[in-house]
Amino acid sequence: MEEDPASVVIYCENYGQAAALLLQNRSAGLPEPISFSDAFNAWVPRHFDPPVEVLYYVNDEVGDDVAALFQSIRPVGRIEDPHAREFGTTIYRCSRPRRPFQTFWDEVLASDPSPY
């Protein structure tokens, strides 16, 4: 990781990705992944301190909301094993936010219909 881990968020679109990274990250000393998927939704942080400067986004493709938020987005990893259920899933490094990540996150939380 090229940056201060305290200002980094790892976001996964599904609980399988988040669980795999949670297990892997424990031994690597990386931030715990977050996700709105299934039970991971119960542990989604409400506030980030220090401010988020880098988002590692795990999904098949970058969504429009993420693309609009960051000035720099580049793939840094991909599941290449054709037998893997998550084949093609990519890890994107998103940096240089156009506006504060916390503002974006507050909007996401306000629109989330989950009971958590």
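Side chains are part of it too, since the values below use all heavy atoms of this structure and drop only hydrogens, waters and symmetry mates.
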Cation-aromatic face contact Arg99/Phe70, 6.0 Å, 45 degrees
no
To the nearest 0.5 angstrom, please state how far the CD1 atom of Ile91 sits from the CZ atom of Arg78.
11.5 Å
Spatial distance of atom CZ (Arg74) from atom SG (Cys94) [nearest 0.5 Å]
10.0 Å
Is Asp81 atom CG crowded by more than 12 heavy atoms from other residues, nucleotides or ligands, each under 6.0 Å away?
yes
Does Phe48 belong to the same Ile/Leu/Val/Met/Phe/Trp/Tyr cluster as Leu69, with side-chain heavy atoms less than 4.5 Å apart forming each link?
yes
Heavy-atom side-chain contact between Pro97 and Val52 under 4.5 Å
no
What about Tyr92 and Val108, same hydrophobic cluster or not, with Ile/Leu/Val/Met/Phe/Trp/Tyr joined at side-chain heavy-atom distances under 4.5 Å?
yes
Closest non-hydrogen atom pair, Arg46 against Gln102:
O-NE2, 3.0 Å
Heavy-atom closest pair (Pro33 atom, Cys12 atom, distance to 0.1 Å) is CB-SG, 4.0 Å
dist Leu109:CG -> Phe36:CZ (nearest 0.5 Å) comes out at 5.0 Å
Which atom names give the shortest non-hydrogen contact between Tyr57 and Val62, and what distance separates them?
CE2-CA, 3.9 Å
Hey, mind stepping through Val44 and Trp105 against side chain to side chain contact (heavy atoms under 4.5 Å, CB included) and telling me if it holds?
CA-CA 10 Å; Val44 170; Trp105 196 249; 3.2 Å; yes
Cluster overlap Leu55 with Ile73, hydrophobic side-chain contacts below 4.5 Å
yes
Quick check against the 3.5 Å criterion: does Arg93 have a side-chain atom that pairs as donor or acceptor with the backbone of Val54?
no
Measuring from atom CG of Asp60 to atom CD of Glu86, what distance do you get when rounded to the nearest 0.5 angstrom?
7.5 Å
CD on Glu13 to OG on Ser35, rounded to 0.5 Å:
7.0 Å
Between Asn14 and Gln17, what is the shortest heavy-atom contact and its length?
OD1-N, 2.8 Å
CG of Asn59 to OG1 of Thr90: how many Å apart, nearest 0.5 Å?
8.5 Å
